[in-house]
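Taking it in order: structure first as structure tokens, then the write-up.
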Amino acid sequence: MTLSAFGARLQVEPFDAAAEQAALLAGRTDLGAAVCFTGLVRADDGLAALTLEHYPAMTLAQMQAIADKAAARWPGVIGTVIHRHGRLLPGAPIVLVTTAAPHRADAFAAAQYLMDWLKTHAPFWKREEWADGTSKWVDAKASDNDAAAQWQATPAP
Amino acid sequence: MTLSAFGARLQVEPFDAAAEQAALLAGRTDLGAAVCFTGLVRADDGLAALTLEHYPAMTLAQMQAIADKAAARWPGVIGTVIHRHGRLLPGAPIVLVTTAAPHRADAFAAAQYLMDWLKTHAPFWKREEWADGTSKWVDAKASDNDAAAQWQATPAP
Amino acid sequence: MVQLLYFAWVREMIGTDSETIALPAEATTVAALLDWLAARSPGHAAALADRSRIRVAVDQNFATLATQLAAPREIAIFPPVTGG
Amino acid sequence: MVQLLYFAWVREMIGTDSETIALPAEATTVAALLDWLAARSPGHAAALADRSRIRVAVDQNFATLATQLAAPREIAIFPPVTGG
């Protein structure tokens with residue numbers, strides 16, 4: 001057993017999804033399912049770049065806390081959560097959640113739970129730059145909050 | 001536009017999940033979400049090997065048909081489904097479903113839909129070899145049929 | 001002539017993965033074809049003994065015991081699929 | 001002394017990402033601290049004008065306007081988080 005079933009990292013540089021998944025699966029023959037989610041910067045409506053600001057110590061601590069919560073909720077699931085910060089261009093990978101479990105339902109659920117939290121409650125602030133040279137801070141979104149809220153409504157397994 | 005939003009393949013050799021996902025994302029900046037599911041052979045209870053037999057023309061045609069159904073149900077989602085056949089050892093990757101979409105909910109749903117179908121209705125027959133030298137054909141499982149059935153109960157989006 | 005294909009333990013019990021037959025006149029449905037096939041050899045009989053464990057595809061479409069056979073080219077007989 | 005940290009447009013409007021202050025006696029709650037801070041400069045006043053758009057963490061835990069301040073070491077003030 002490792003100390004935590006889930007690792008969390010914050011970094012500027014890109015991540016290697018295949019290497020992260022391979023690290024989860026190394027030496028294991030009890031894991032029948034591996035899920036890998038990659039979030040990418042969309043070039044919606046002429047977006048030129050996205051800058052993510054974070055609160056270094058708190059953001060990482062909260063990422064690790066939600067990862068530990070996922071580990072407690074889905075025992076047997078292991079995973080890695082990596083979030084990038086700094087300035088990112090359209091098409092760039094921004095977040096990776098990779099999970100592995102004996103069965104696919106748990107691997108999918110844990111990955112979706114982590115993504116719903118990351119997209120809503122993770123302490124990041126996004127600044128959008130547009131093709132016309134303007135830029136603005138993004139407001140919090142209601143639809144993502146709804147996705148995160150469903151996990152509170154669902155009874156714990 | 002490609003001819004089909006989803007490709008389906010059957011092969012003996014391993015697949016390269018990262019390359020398949022990269023092919024989906026190439027040149028696109030409208031896709032905010034990429035999901036990759038890998039199914040692996042579990043060494044449950046001393047399993048030594050798993051052999052997948054299939055009905056070549058029909059199995060591939062049915063895989064392409066369900067992939068096209070996913071494409072119709074989740075417009076804007078693209079993906080690739082690869083299933084291996086032949087003899088596979090514990091820990092070996094056996095199936096890959098990789099999807100990409102503007103938003104994560106669609107990418108996750110399409111991948112889960114395809115996996116639920118593949119695990120139940122895809123024309124494969126599995127023969128298990130055990131550490132003690134015995135082997136037997138696997139019977140159809142009720143739990144996987146339940147997972148696939150939920151998609152019929154859910155109204156189409 | 002019809003190509004018969006067998007998979008998994010149906011193939012093993014019959015002892016071949018395929019055979020080509022002239023469809024007998026009485027084999028107007030899948031059920032009737034299975035009855036006729038079961039009489040071909042002890043292996044056929046054993047493989048087809050429990051019809052609830054037998055699935056059939058006619059020209060690569062899933063069929064039932066009641067499916068009518070109208071000039072089929074390929075009939076596959078196999079256990080319930082176990083998925084990928 | 002307390003380290004104040006500012007993020008996103010709060011940081012931009014105040015004009016610095018951090019400052020160290022002696023916590024004033026009247027700043028017994030988050031709300032009272034924000035009142036005191038808003039009087040420090042036009043930038044502070046503008047950044048903190050709409051309290052419904054301000055979130056606060058005390059020693060890296062989310063706080064509310066009513067949270068009591070008992071010897072905090074680090075107070076962060078920022079807009080609602082927009083997630084990753």
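Just so it is clear, the model here is predicted, and its values are computed rather than measured. So you know, we letter chains A, B, ... as the sequences are listed, proteins then strands, and number each from 1.
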Do [X] and [Y] touch side chain to side chain, with heavy atoms closer than 4.5 Å?
X: Trp9(C); Y: Lys136(B); value: no
X: Gln62(B); Y: Phe62(C); value: yes
X: Trp125(B); Y: Pro79(C); value: yes
X: Tyr55(B); Y: Glu74(C); value: yes

So which residue, [options], ends up with the most heavy-atom pairs under 4.5 Å with chain C?
options: Ile94(B), Asp139(B), Leu50(B); answer: Asp139(B)
options: His54(B), Met58(B), Met115(B); answer: Met58(B)
options: Arg127(B), Lys126(B), His85(B); answer: Lys126(B)

Open item on the list: Strictly distance-based, threshold 3.5 Å: is any side-chain N or O of Thr82(C) a donor or acceptor partner for the main-chain N or O of Phe124(B)?
Closed with: yes
Task: Atom of Ala8(C), atom of Glu53(B) and distance for their closest heavy-atom approach - done: N-OE2, 2.8 Å
Task: Closest contact, heavy atoms only, Ala122(B) versus Gly84(C) - done: CB-N, 4.5 Å
Task: Contact class of Val138(B) relative to chain C, heavy atoms under 4.5 angstrom - done: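 Val138(B) touches chain C through backbone and side-chain heavy atoms alike.
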Open item on the list: At a 4.5 Å cut-off on heavy atoms, which part of Leu52(B) comes close to chain C: side chain, backbone, both, or neither?
Closed with: side chain
Task: Arg55(C) portion near chain B, given a 4.5 angstrom heavy-atom threshold - done: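 Contact with chain B involves no heavy atom of Arg55(C) at all.
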